Amino acid sequence: MSLVVVSNRVTKAKLDEPISGGLASALLPVVQRSGAIWVGSSGRLRDASHKDSFAEIEALGTGAIATVDLPAAHYKGYYEGFSNSVLWPALHSRPDLIEATIDDYRCYREVNAFMARGLLRFCRPDTTYWIHDYHFLTLGEELRRLRVERPSASSCTRPGRAGARS
């Protein structure tokens, strides 16, 4: 099985420094030893003219850390808007803080679709995607729209690819 972990951000390992943060402490050793790929935001934004969503893919032991430059046009609505003004309050029992707009939701969906397209580069018949953060609640749906079907381990299909279903 090939494991791709997706979170809002990733932490790069620094050999001379201790690992900080709970997710990083848990995932970096797994990535290093299991061959998993950990994907998340680079913290940088890009304009629509760039075709490749990945900023860097860096080997880490038998695995890799892959960072993505998110689209500048949708970032504010995705992150400050829907993720942090709707989902964070809803998931932390603070409905009094929810501020929702249709445009923020559209931006959230656009960034999830963008990430799904980028994740196709790691899609193999045995790939399992572990989507960690609420920033990507609709990522599974976006992957299915691109014909990445789970949980069946043998159903990674894409149009134009051998074994693709119609």
Side-chain angles (χ1 to χ4, degrees), residues 2-13 19-28 30-31 36-58 60 63-123 127-151 155-160:
S2 166
L3 178 63
V4 176
V5 179
V6 183
S7 64
N8 183 50
R9 292 193 181 97
V10 297
T11 300
K12 294 189 177 185
I19 299 171
S20 62
L23 186 61
S25 295
L27 282 182
L28 286 173
V30 170
V31 168
I37 301 167
W38 185 8
V39 180
S41 171
S42 66
R44 295 183 304 267
L45 304 178
R46 66 170 196 84
D47 64 36
S49 67
H50 293 121
K51 299 299 181 202
D52 189 9
S53 58
F54 283 91
E56 296 175 0
I57 300 174
E58 183 178 301
L60 179 64
I65 302 290
T67 57
V68 179
D69 292 347
L70 295 177
H74 304 295
Y75 183 78
K76 185 174 182 183
Y78 151 78
Y79 188 76
E80 294 175 21
F82 198 75
S83 292
N84 289 338
S85 295
V86 175
L87 295 176
W88 189 94
L91 296 170
H92 292 86
S93 301
R94 291 298 311 267
D96 57 307
L97 298 177
I98 293 174
E99 295 180 24
T101 71
I102 295 297
D103 191 53
D104 287 347
Y105 181 67
R106 181 188 58 78
C107 290
Y108 181 83
R109 295 302 302 250
E110 287 289 337
V111 170
N112 274 253
F114 174 84
M115 181 64 84
R117 290 188 302 272
L119 290 173
L120 290 178
R121 86 179 317 149
F122 303 117
C123 188
T127 300
T128 297
Y129 292 97
W130 173 30
I131 302 166
H132 178 74
D133 280 323
Y134 63 87
H135 299 82
F136 295 112
L137 287 179
T138 61
L139 186 52
E141 179 183 359
E142 297 299 338
L143 286 166
R144 285 188 294 282
R145 284 185 187 181
L146 297 172
R147 301 180 57 96
V148 176
E149 300 171 8
R150 298 293 181 266
S155 61
C156 182
T157 60
R158 297 195 322 231

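Treat the numbers as computed from the prediction; the structure is a model and nothing was measured. Along the sequence shown, residues carry numbers from 1.
Scanning for ring-ring contact (aromatic ring centres under 6.0 Å, His included) contacts around His135 gives Tyr79, with sequence neighbours left out. Scored by the side-chain hydrogen bond (donor to acceptor under 3.5 Å, both in side chains) test, Ser42 finds Asp69 as partners (sequence neighbours excluded). Here Tyr105 pairs with Phe82 under the ring-ring contact (aromatic ring centres under 6.0 Å, His included) rule; sequence neighbours left out.
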Step by step, would you call Ile65 with Leu28 a side-chain contact (heavy atoms from CB on, under 4.5 Å)?
CA-CA 9 Å; Ile65 302 290; Leu28 286 173; 3.9 Å; yes
If you apply the rule side-chain contact (heavy atoms from CB on, under 4.5 Å), what do you find for Leu23 with Arg9, and how did you get there?
CA-CA 10 Å; Leu23 186 61; Arg9 292 193 181 97; over 6 Å; no
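No more than 12 heavy atoms of other residues, nucleotides or ligands sit less than 6.0 Å from atom CD1 of Ile102.
Of the possible polar contacts, none joining the Asp133 side chain to the Ser7 backbone as a donor-acceptor pair under 3.5 Å is found. Without hydrogens or angle criteria, Asn112 side chain to Tyr108 main chain gives a donor-acceptor distance under 3.5 Å. Checking side-chain atoms of Ser41 against main-chain N and O of Val10 turns up no donor-acceptor pair under 3.5 Å.
Atom CD of Glu99 sits about 9.5 Å away from atom CG of Asp104, to the nearest 0.5 Å. One distance of note links OG of Ser85 with CD of Glu80; it measures 8.0 Å at 0.5 Å rounding.
A salt bridge does not link Arg144 with Glu141: every distance from a Lys NZ or Arg NE/NH1/NH2 to an Asp or Glu carboxylate oxygen is 4.0 Å or more. Using a 4.0 Å cut-off between a side-chain N of Lys or Arg and a carboxylate O of Asp or Glu, Glu142 and Arg109 qualify as a salt bridge.
Leu60 places none of its side-chain heavy atoms less than 4.5 Å from the side chain of Trp38. Under the 4.5 Å side-chain criterion, counting only non-hydrogen atoms from C-beta, Leu146 is in contact with Arg117. Between Val111 and Tyr75 there is no side-chain heavy-atom pair separated by less than 4.5 Å. Using a 4.5 Å heavy-atom cutoff, the side chains of Arg121 and Ile57 are in contact.
Of the candidates Ile131, Leu143, Thr138, Leu139, Leu139 is the only one forming a side chain to side chain contact (heavy atoms under 4.5 Å, CB included) with Met115. Residue Trp130 is tested with Val4, Leu3, Val6 for a side chain to side chain contact (heavy atoms under 4.5 Å, CB included); the sole match is Leu3.
One side chain, Asn84 or Tyr134, offers a donor N or O that lies under 3.5 Å from an acceptor on the other. Checking Ser83 against Trp88 by side-chain atom types alone, no donor-acceptor pair falls below 3.5 Å.
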